[in-house]
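Counting convention: from 1, in listed order, for ligands and their atoms alike. Being a predicted model, the structure only gives us computed values, none of them experimental.
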Amino acid sequence: MNTYNVDLNNLPKHIAIIMDGNGRWAKQRGLPRTAGHFKGADNLKRITHFCYDIGIKTLTLYAFSTENWKRPQDEVDALFNLFYEKLQDYKALMGDRKAVVRFLGDKKPLSEKLRNKMREIERDSLKYLDGGFTFNFAINYGSRDEILKATREVAELYKNGDIDIEDINEKLFSNHLYTYGLPDPDLMIRPSGEQRISNFLLWQSAYTEFYYSNVLWPDFSPKMLADAIIEYQKRNRRYGGV
Ligand code: IPE
Ligand code: IPE
Ligand code: MG
């Protein structure tokens, strides 16, 4: 395996990626936007394998935001059909790689067929808890929505007398986010030239290192990911200290 000179002893524990630029990739080729989403899904496989193979422990991919419902219905339908197909073919997606899979986001508005498939994959993957790789797929994820969900749950605990006001701290609150139990992302990558967070992991990215690339997601290669990690490895993370 080519690791492209990444220092394997100093890897980010958790990488988050905003998979952006599929539509523009297709447009540049005179293709429908959905063709870009298909190509983006192929790239997801390539990048996930690379992360697993070099020893990244947690990978989180942003696939559909709570704001993406604003898109034309046929694009939304195509995206959800694609998610279903890829999940159905999960073995082909992951090969023999053993990953715990978690879906981050509000599953309620999704079709029952898709929700059942997601639950089945989450459940089956629990046998890989010792495998050391967690693959998070953010579908219908919005960080503000997630923070409000956590706030409601914590308020409920207080209302029921299960906790006092003083018990509300970062740890307790984090346990009510979709990412409970996961480390915060060390490195967040956004291809496609946009430099914004688009409602992704707002709470979790308090001290995340950001890396932007102008390359569109379907073209974002393992070598480019390695370059992002190498850049990350040069950064000095101070967490407010000196
Ligand atoms: C990202 O690519 C995929 C999703 C948001 C589902 P886009 O579809 O946003 O691609 P651009 O930004 O229009 O190029
Ligand atoms: C962010 O991309 C969401 C995903 C990649 C899933 P968008 O294309 O939706 O973000 P904006 O609209 O450019 O901020
Ligand atoms: Mg976009």
Under 4.0 Å from a heavy atom of [X]: which atoms of ligand 2 are those, numbered in the order shown and with their elements?
{"X": "F64", "value": "6 (C)"}
{"X": "R196", "value": "11 (P), 13 (O), 14 (O)"}
{"X": "I18", "value": "1 (C), 5 (C)"}

Does ligand 1 have any atom sitting under 4.0 Å from a heavy atom of [X]?
{"X": "G21", "value": "yes"}
{"X": "R33", "value": "yes"}
{"X": "H37", "value": "yes"}

Check: R24 N/O within less than 3.5 Å of ligand 1 N/O
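N/O-N/O distance below 3.5 Å exists for this pair.
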Looking at ligand 1, does any of its N/O atoms fall within less than 3.5 Å of an N/O of W25?
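No; every N/O pair is 3.5 Å or more apart.
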Please determine whether the number of non-hydrogen atoms from other residues, nucleotides or ligands lying under 6.0 Å from atom CG of N5 exceeds 12.
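Open: at most 12 neighbouring heavy atoms sit under 6.0 Å from CG of N5.
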Give a yes or no answer on whether the side chain of D167 reaches the backbone of D164 with a donor-acceptor pair at less than 3.5 Å.
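Answer holds: yes.
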Can you find a side-chain donor-acceptor pair between W203 and D184 that sits under 3.5 Å?
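No, D184 and W203 have no side-chain donor paired with an acceptor closer than 3.5 Å.
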Go through the side-chain N and O atoms of T48 and R97 and say whether any donor and acceptor fall under 3.5 Å apart.
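No.
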Counting only nitrogen or oxygen atoms and a 3.5 angstrom limit, does [X] reach ligand 2?
{"X": "Y62", "value": "no"}
{"X": "R190", "value": "yes"}
{"X": "S65", "value": "no"}

Per the salt bridge (Lys or Arg N to Asp or Glu O under 4.0 Å) rule, which among K107, R102, R115, K117 passes with E122?
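Among the candidates, only K107 passes.
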Compute the ring centroids of F80 and F64, then answer whether they are less than 6.0 Å apart.
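Yes, the ring of F80 comes within the 6.0 Å limit of the ring of F64, centre to centre.
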Carboxylate-amine/guanidinium contact K149 D145, below 4.0 Å:
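No.
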Which residue and non-hydrogen atom of the protein lie closest to [atom], and at what distance in Å?
{"atom": "atom 9 (O) of ligand 2", "value": "N68 ND2, 2.9 Å"}
{"atom": "atom 1 (C) of ligand 1", "value": "M19 O, 2.9 Å"}
{"atom": "atom 10 (O) of ligand 1", "value": "G23 N, 2.9 Å"}

Counting only heavy atoms closer than 4.0 Å, does ligand 1 sit against the backbone of L79, its side chain, both, or neither?
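The answer is the side chain of L79.
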F50 versus I56: any side-chain heavy-atom pair under 4.5 Å?
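SC-SC contact between F50 and I56 ruled out.
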Under a 4.5 Å cut-off applied to non-hydrogen side-chain atoms, are S221 and M224 in contact?
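Answer yes - side chains close enough.
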Which atoms of ligand 1 have any heavy atom of R71 under 4.0 Å away?
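Numbered from 1, ligand 1 contributes 4 (C), 5 (C), 7 (P), 8 (O), 9 (O).
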For a quick test of reading the model, state the closest non-hydrogen atom pair linking L201 to P185 and the distance between them.
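In terms of heavy atoms, the two residues are closest at CD1-CG, 4.0 Å.
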Between A63 and ligand 2, which part of the residue brings a heavy atom under 4.0 Å of the ligand: side chain, backbone, both or neither?
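Contact part for A63 vs ligand 2: backbone (N, CA, C, O).
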Relative to ligand 2, is F200 under 4.0 angstrom through side chain, backbone, both or neither, heavy atoms considered?
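F200 to ligand 2: no contact under 4.0 Å from either part.
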Hey, which N, O or S atom on D20 ends up closest to the Mg ion (ligand 3)?
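Looking at D20, the N, O or S atom with the least distance to the Mg ion (ligand 3) is OD1.
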Relative to each other, are the rings of Y62 and F200 parallel, tilted or perpendicular (30° and 60° limits)?
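Parallel, since the angle between the ring planes stays under 30°.
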Does atom 12 (O) of ligand 2 have a protein heavy-atom neighbour under 4.0 Å away?
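Within 4.0 Å: no protein heavy atom nearby.
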Supply the atom-to-atom distance R123 CZ to M118 CE, rounded to the nearest 0.5 angstrom.
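With rounding to 0.5 Å, CZ (R123) is 13.5 Å from CE (M118).
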